[in-house]
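Throughout, residue positions are numbered sequentially from 1 according to the sequence presented.
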Amino acid sequence: QVPLVETGGGLVQPGGSLRLSCTASGFTLRNYAIAWFRKAPGKEREGISFISIGDGQIYYTDFVKGRFTISRDNAKNTAVLQMNSLKPEDTAVYYCAAAGVVGSGTSWIWRDSSIYEYWGQGTQVTVSS
């Protein structure tokens with residue numbers, strides 16, 4: 001059983017929107033901090049957004065700030081990444097990850113992929129005309 005499954009990727013034109021979902025199986029997602037990462041061809045995987053347990057802390061990397069929104073739907077055991085005003089540079093495989101304990105320094109440590117116990121398999125997002 002795959003612990004996290006991402007859906008919602010696809011091909012979209014520049015300026016368009018996509019809504020990625022990350023659904024958990026076998027554990028309760030609201031008890032975990034969630035992050036979205038992405039990996040573009042030829043680039044390292046990068047953290048792009050984070051939401052803490054209880055939703056009190058939310059972070060975005062500068063490049064997506066104001067365009068992407070992270071949230072949870074606890075009734076569906078799902079996390080969501082709403083992506084608007086997409087750019088070709090957003091083309092990548094997007095992954096969600098879950099961490100039961102983040103520790104101190106959340107504002108920067110969330111970008112460290114080693115703190116996450118569960119990962120999804122990724123979903124491709126392609127922004128192209």
Side-chain angles (χ1 to χ4, degrees):
Q1 191 176 29
V2 179
L4 292 172
V5 177
E6 302 96 337
T7 57
L11 173 65
V12 64
Q13 292 188 341
S17 298
L18 283 174
R19 182 179 175 91
L20 304 185
S21 294
C22 170
T23 301
S25 296
F27 65 101
T28 303
L29 202 56
R30 68 172 180 268
N31 296 329
Y32 289 74
I34 302 297
W36 287 91
F37 288 77
R38 69 185 182 188
K39 188 177 187 315
K43 296 186 178 181
E44 292 187 356
R45 184 170 56 188
E46 62 174 340
I48 57 172
S49 187
F50 171 90
I51 185 167
S52 65
I53 299 170
D55 303 354
Q57 292 166 295
I58 292 177
Y59 300 110
Y60 300 95
T61 193
D62 286 347
F63 191 72
V64 308
K65 211 173 285 185
R67 299 189 296 125
F68 291 11
T69 303
I70 192 170
S71 63
R72 296 176 187 268
D73 184 341
N74 291 331
K76 297 181 179 179
N77 210 27
T78 294
V80 174
L81 185 69
Q82 177 67 42
M83 306 189 297
N84 298 328
S85 303
L86 283 162
K87 305 176 181 182
E89 307 90 283
D90 295 317
T91 295
V93 179
Y94 284 70
Y95 301 87
C96 63
V101 177
V102 176
S104 59
T106 303
S107 63
W108 57 270
I109 200 171
W110 69 269
R111 300 172 188 270
D112 182 354
S113 60
S114 68
I115 70 170
Y116 298 94
E117 298 109 282
Y118 298 114
W119 288 84
Q121 82 289 349
T123 186
Q124 176 70 47
V125 171
T126 303
V127 185
S128 174
S129 55

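Evaluation of the ring pair (Phe, Tyr, Trp, His ring centres under 6.0 Å) test over residues 1-37, restricted to residues two or more places apart or in two chains, returns Phe27-Tyr32, Phe27-Tyr118, Tyr32-Tyr118, Phe37-Tyr116, Phe37-Trp119. Among residues at least two apart or in separate chains, side chain to side chain donor-acceptor pair (under 3.5 Å) pairs with a member in residues 6-18 are Ser17-Asn84. Pairs passing the disulfide (SG to SG under 2.5 Å) check and including a residue from residues 30-73, sequence neighbours excluded, do not occur. Identified under the disulfide (SG to SG under 2.5 Å) test for residues 47-84, with sequence neighbours left out: none. The stretch residues 92-106 participates, sequence neighbours left out, in no salt bridge (Lys or Arg N to Asp or Glu O under 4.0 Å) pair at all. Under the disulfide (SG to SG under 2.5 Å) criterion, no residue pair touches residues 39-69, with sequence neighbours excluded. Residue pairs meeting the disulfide (SG to SG under 2.5 Å) criterion with at least one partner in residues 79-116, sequence neighbours excluded, are Cys22-Cys96.
Looking at residues two or more places apart in sequence or on another chain, you find a side chain to side chain donor-acceptor pair (under 3.5 Å) between Thr126 and Gln124. Judged as a salt bridge (charged side-chain N to carboxylate O under 4.0 Å, His left out), and not counting sequence neighbours, Lys87 has no contacts. Checked against side chain to side chain donor-acceptor pair (under 3.5 Å), Arg38 has the following partners two or more places apart in sequence or in another chain: Glu46, Asp90, Tyr94. Not counting sequence neighbours, Tyr60 has no partner by the side chain to side chain donor-acceptor pair (under 3.5 Å) test. Among residues two or more places apart in sequence or in another chain, the salt bridge (charged side-chain N to carboxylate O under 4.0 Å, His left out) test is passed with Asp112 by none.
Minimum heavy-atom separation, Val2 to Gln121: CG1-OE1, 4.5 Å. Contact detail for Thr78 and Ser21: the closest heavy-atom pair is CG2-CB, 3.9 Å. Taking each heavy atom of Ala99 and Ile115 in turn, the nearest pair found is CB-O, 3.4 Å. Pro14 and Ser129 get closest at one heavy-atom pair: CD-N, 3.7 Å.
Under the 3.5 Å distance criterion, the side-chain polar atoms of Arg72 are matched with a main-chain donor or acceptor of Leu29.
Going from atom OG1 of Thr61 over to atom CD1 of Ile48 covers 8.5 Å, rounded to the nearest 0.5 Å.
If you run side-chain contact (heavy atoms from CB on, under 4.5 Å) between Leu20 and each of Leu81, Ile70, Val80, only Leu81 comes through.
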